[in-house]
Amino acid sequence: VPELPKAAQTEDDRVANDGALYFPVSKGMRFEYEYTSSEFLGTKTIIIEVDDTTGSGTEVTAKMLMLIKHNAKNFSKSYTVTRNASGVFSSDSVTGGKRQEFMAPVTPGKQWKEGTAVNRISSLKGEITVPAGNYKDCLKVVTKLSGGDGGSAVRYYAPEVGLVFDDYLGEERQDHL
């Protein structure tokens, strides 16, 4: 029996598989989050802006500016996000420092390790409600810290928006973005 021809990959499939759908970056994009943590009292406002991008297609690096506002004090820092055929990588993040946001191609069940943490893409149909709205068909990443003994984390990336939720529940601290 001859093998059936594979369906042509659509532009939507390519975008979803290479991560651009869940982590779009273009100059001027702006994200604002409320951030709480067991490390401090009150709520911080985090504003992240895409300052510049280089590359195109499946290989893009974005220079990000993060402004942190807390109790009338402001602090800013810059970091980079690289999106390529292997996934999305941040040189810094609000809740966890340097990390791989997710692997590409974006496939439910895909796992990767970072130190003692085990990350897994658990769904492409995640739903989450946050102050900015209700998001469906989200990429959901679940992390077991220290193999599950040290706590867990969950992140949601909304299509054509990016990171909309990040919850870190570790033994020594709890962060919510």
Side-chain angles (χ1 to χ4, degrees), residues 16-25 31-48 61-62 64-71 73 75-132 134-159 161-177:
N17 285 338
D18 74 13
L21 179 66
Y22 300 105
F23 212 105
V25 288
F31 308 92
E32 187 168 329
Y33 304 96
E34 291 181 353
Y35 175 43
T36 58
S37 175
S38 60
E39 301 273 302
F40 57 84
L41 296 175
T43 301
K44 292 182 180 183
T45 299
I46 308 292
I47 299 169
I48 298 175
T61 298
M64 312 293 278
L65 296 176
M66 183 187 315
L67 175 64
I68 302 166
K69 297 179 177 185
H70 186 240
N71 295 335
K73 295 180 183 176
F75 170 75
S76 64
K77 61 181 175 177
S78 62
Y79 66 101
T80 59
V81 172
T82 301
R83 188 182 67 223
N84 60 35
S86 297
V88 176
F89 305 84
S90 295
S91 68
D92 201 355
S93 67
V94 177
T95 61
K98 181 180 178 178
R99 71 180 180 198
Q100 182 170 2
E101 300 290 337
F102 53 85
M103 290 186 78
V106 177
T107 307
K110 187 168 276 211
Q111 293 189 85
W112 67 100
K113 289 184 86 173
E114 290 181 283
T116 60
V118 178
N119 301 278
R120 182 174 57 86
I121 297 174
S122 70
S123 177
L124 297 180
K125 297 292 183 187
E127 291 188 32
I128 188 85
T129 298
V130 296
N134 184 38
Y135 296 94
K136 296 180 180 182
D137 298 325
C138 295
L139 163 61
K140 181 180 177 184
V141 175
V142 175
T143 302
K144 291 182 179 180
L145 306 171
S146 297
D149 294 335
S152 63
V154 64
R155 300 189 300 271
Y156 286 81
Y157 301 86
V161 176
L163 181 67
V164 294
F165 182 85
D166 190 346
D167 206 28
Y168 179 96
L169 302 171
E171 289 180 331
E172 296 183 17
R173 75 172 214 271
Q174 293 78 45
D175 295 333
H176 179 75
L177 184 69

Look at atom CD of Glu34 and say whether more than 12 heavy atoms of other residues, nucleotides or ligands are closer to it than 6.0 Å.
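Counting neighbours around CD of Glu34, 12 or fewer heavy atoms of other residues, nucleotides or ligands fall under 6.0 Å, so no.
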
Crowded around Lys144 NZ? As in, over 12 foreign heavy atoms under 6.0 Å?
no

How long is the gap from [atom1] on [X] to [atom2] on [Y], to the nearest 0.5 Å?
X	Y	atom1	atom2	result
Ser38	Asp175	OG	CG	6.0 Å
Lys69	Thr43	NZ	OG1	14.0 Å
Glu39	Lys44	CD	NZ	9.0 Å
Asp149	Glu171	CG	CD	7.5 Å
Met66	Ile68	CE	CD1	5.5 Å
Thr36	Leu41	OG1	CG	11.5 Å

So if I apply the side-chain contact (heavy atoms from CB on, under 4.5 Å) rule between Glu32 and each of Ile46, Ile48, Ile47, which one comes out positive?
Ile47

Minimum side-chain heavy-atom gap [X]-[Y] below 4.5 Å:
X	Y	value
Arg155	Thr143	yes
Val94	Asp166	no
Asp137	Tyr22	no
Lys77	Asp92	yes
Val130	Tyr33	no
Leu177	Leu163	yes
Val81	Val88	yes

Looking only at atom types and distance, does a side-chain atom of [X] sit under 3.5 Å from a main-chain N or O of [Y], one as donor and one as acceptor?
X	Y	answer
Arg83	Phe23	yes
Tyr135	Phe165	no
Glu114	Gln100	yes
Ser91	Tyr79	no

Can you name the nearest heavy-atom pair linking [X] to [Y], along with the distance?
X	Y	value
Cys138	Tyr156	CB-CD2, 3.9 Å
Ser78	Leu65	CB-CD2, 3.7 Å
Val161	Phe31	O-CE2, 3.1 Å
Val164	Ala158	CG1-CB, 3.9 Å
Leu124	Leu139	CD2-CD1, 3.7 Å
Leu67	Ser76	CD1-CB, 4.2 Å

Residue pair Glu101 / Ser90, side-chain donor-acceptor N/O under 3.5 Å
yes

